[in-house]
Number of protein chains: 2
Amino acid sequence: MNLTFRQLKVFEAVARNLNYTNAAKELHLSQPAVSMQIKQLEEQASTPLIEKLGKKLYLTEVGLEMQSYARSTMQQLVDLEETITQIKSMERGHLKLAVASTANHFVIRLLARFSKVYPKISISLDVTNRSSLLELLEKNECDLVIMGRPPQGHNLQYAPFLENPLVVVSSPTHFLAKKEHVSLQELANEEFVAREQGSGTRGAAKRFFTEHELDFKTKMDMSNNRAIKHAAEEGLGLAIVSVHTLELELKAKTLTILNVEGFPIFRHWYVVQREGKRLSPIAMVFNDYIMQEADRLIEDFDIPLFKSP
Amino acid sequence: MNLTFRQLKVFEAVARNLNYTNAAKELHLSQPAVSMQIKQLEEQASTPLIEKLGKKLYLTEVGLEMQSYARSTMQQLVDLEETITQIKSMERGHLKLAVASTANHFVIRLLARFSKVYPKISISLDVTNRSSLLELLEKNECDLVIMGRPPQGHNLQYAPFLENPLVVVSSPTHFLAKKEHVSLQELANEEFVAREQGSGTRGAAKRFFTEHELDFKTKMDMSNNRAIKHAAEEGLGLAIVSVHTLELELKAKTLTILNVEGFPIFRHWYVVQREGKRLSPIAMVFNDYIMQEADRLIEDFDIPLFKSP
DNA sequence: ATATATCATAAGCTAAATCTTATGGTAACA
DNA sequence: TGTTACCATAAGATTTAGCTTATGATATAT
């Protein structure tokens, strides 16, 4: 059976009016045009849909089924159009994000604000490690990723949108925590709890030490940022972490930022997408949003870069 | 938005394969034909439905909506076809009948048998009076009507399909009930409980009396056949009724058929339809069925036309 | 009986749909 | 780096859809 929407539309009008002439008027058509559409539809169904008794029209049993089909299909089409319009106008839609676990904290804040502006947009947020992020981009399973500087050679398109200050932290009871200034040499004498090999933060720290011809002595490495901070709290060593992950510990005064010469190291957070990816409207808006709003957001954090006097 | 089923069909194949070339093979089309359909559909939606990243295809958010719409609509079409086929083959369908209240009893029996042959057919049965029956036909609100001989001038088409013997009944205690034979003169001396003016049964009885130049004395008339029988049971008078309504009373021996000269009067039950009405397949089959089966059914009734010896 | 309303049919025109072949461009892969 | 796989685009041919006007047929109403 090879129907057309036109046939259904015309049939629906006839079935509702039970009158070809009026249906024709409603559709701004000539009456024969309506007759023909109905005839063709009946040919497709190979059974009559409408019967004429005297002057009146009646729907056959099959005609009733056809009417129900026509209405349902046309209503669904209206719904589809509505949905598409909503998606386009961002009254509806879904934003698929993934963030590096260290970025989680401030991204959640960003999302909370964004979501107030676009309340109908649902969001999925994958918080995971660097390699998984790259994989998600590769598989086109997310719109945007927020992470440190992405590696080359993955056909990625990215832009920095926020400074990411790395600072040295220690337990407040650590002897360096009591000093107003810490020299690089003093720092180099300490042992560190660090992220695993391949981590962006660790790479940055290592580069910093190398540039200053110092040793970077790691006592432990682990993949979880929270674990690293906890280890530092417990006095297992110093740690170099993004200040954006420290809000809670600073407030609770379980960690102290050391005022080390040359710190903070300023890296950046990047918003990353696959090269050639046409962002959905909402993803594009989110991209613009974070470009504009990120700095303002961070100001609101009220995190001192160095320990209070 | 002015979609075509073709576009949806092609889109569905592409969305499923995520590959234009394979979709084209599946549809026995050239690959550019598929490209064009998708392009047109995207124009209709005025938004991309499919995005190509590297070599792979992905559905956009709108693409997913479109896929869901396409699948739903196509599935509904399959269902519609199935339904139409079933209606045509009478595996499904609805039969709208209406019967005169006096015919109710044996029609129910007919329907019980018919329904066993066509178990998937649902039936609606309207039991009502003569004028309502004609109105139902007029409004095309039923397929077939079963009643006594219909009046002229209603554009009706009808055929007798069963003898309808009218008999005289009385309470078993009535003095005529004890006689082997009852003459017309004896009958004419009695008073009757009869149907209302306009009733077919009453008309037939009246005609019978007139033809024999006798008086038809009615003591009461009422519209309900059951009430008439009850009145006769209670000795309010004789009654002339269709033997087909008597099964219960004969079994319970609350009424007796009088062996009156010239009785039973043989009238007929008719199956009636509107002139020019194209019967639905199932109505046509039912029509044929009662033409063939009615006599056999009545034999099974095992109703003696006259009181048992 | 005549007029009116309503649907069916025929003829003819136009625009749109749909397909094919040929060819161009690009990403992946060896 | 060349090859392969795959989609896009162009050009052109054919068919089909869809419409209108004119006219015919029929049932109802006057």
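A, B, ... follow the sequence lines: proteins, then strands. Residue 1 opens every chain.
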With no hydrogens and no angle check, do the side chains of [X] and [Y] hold a donor and an acceptor under 3.5 Å apart?
X	Y	answer
B:E26	B:N22	no
B:Q40	B:Q44	no
A:N164	A:S242	yes
B:N287	B:Q273	no
A:S35	A:Q31	yes
A:S132	A:N129	yes

Nearest whole Å is fine: how far is [N] [atom2] from [X] [atom1]?
X	N	atom1	atom2	result
A:K9	D:dG18	NZ	P	13 Å
A:M36	D:dC19	CE	C1'	7 Å
A:E43	C:dT9	CD	P	10 Å
B:L49	D:dC7	CG	P	16 Å
B:N155	D:dA29	CG	P	11 Å
A:E42	C:dA8	CD	C1'	12 Å

Interface with DNA chain D, restricted to residues 12-20 of chain A and to heavy atoms under 4.0 Å: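 Residues of residues 12-20 of chain A that come under 4.0 Å of DNA chain D do not exist, since none gets that close.
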query: Of all the choices, D:dA10, D:dA22, C:dT18, which nucleotide is nearest to the side chain of B:R6 once you look at every atom?
result: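 The closest nucleotide is C:dT18.
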- prompt: Which one, D:dT20, D:dT9, C:dT9, comes nearest to the side chain of A:K39?
  reply: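 Of D:dT20, D:dT9, C:dT9, C:dT9 is nearest to the side chain of A:K39.
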- request: I would like to know whether A:R202 and A:E196 meet salt bridge (charged side-chain N to carboxylate O under 4.0 Å, His left out); could you show each step before the answer?
  value: CA-CA 7 Å; A:R202 183 190 176 119; A:E196 78 284 8; over 6 Å; no
- prompt: Does the side chain of B:T21 get closer than 4.0 angstrom to OP1 or OP2 of D:dC7 through an N or O atom?
  reply: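 Yes.
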- request: Using only side-chain N and O atoms of B:Q31, determine if any of them is under 4.0 Å from OP1 or OP2 of D:dT9.
  value: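 Checking B:Q31 against D:dT9: no side-chain N or O falls below 4.0 Å of OP1 or OP2.
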field: 5′-ward residue of the pair A:L53/B:P32 relative to DNA chain D
entry: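 Result: B:P32.
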query: Between B:K55 and B:Q44, which is nearer to the 5' end of DNA chain C once each is assigned its nearest nucleotide?
result: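 Comparing both residues, the 5'-ward one is B:Q44.
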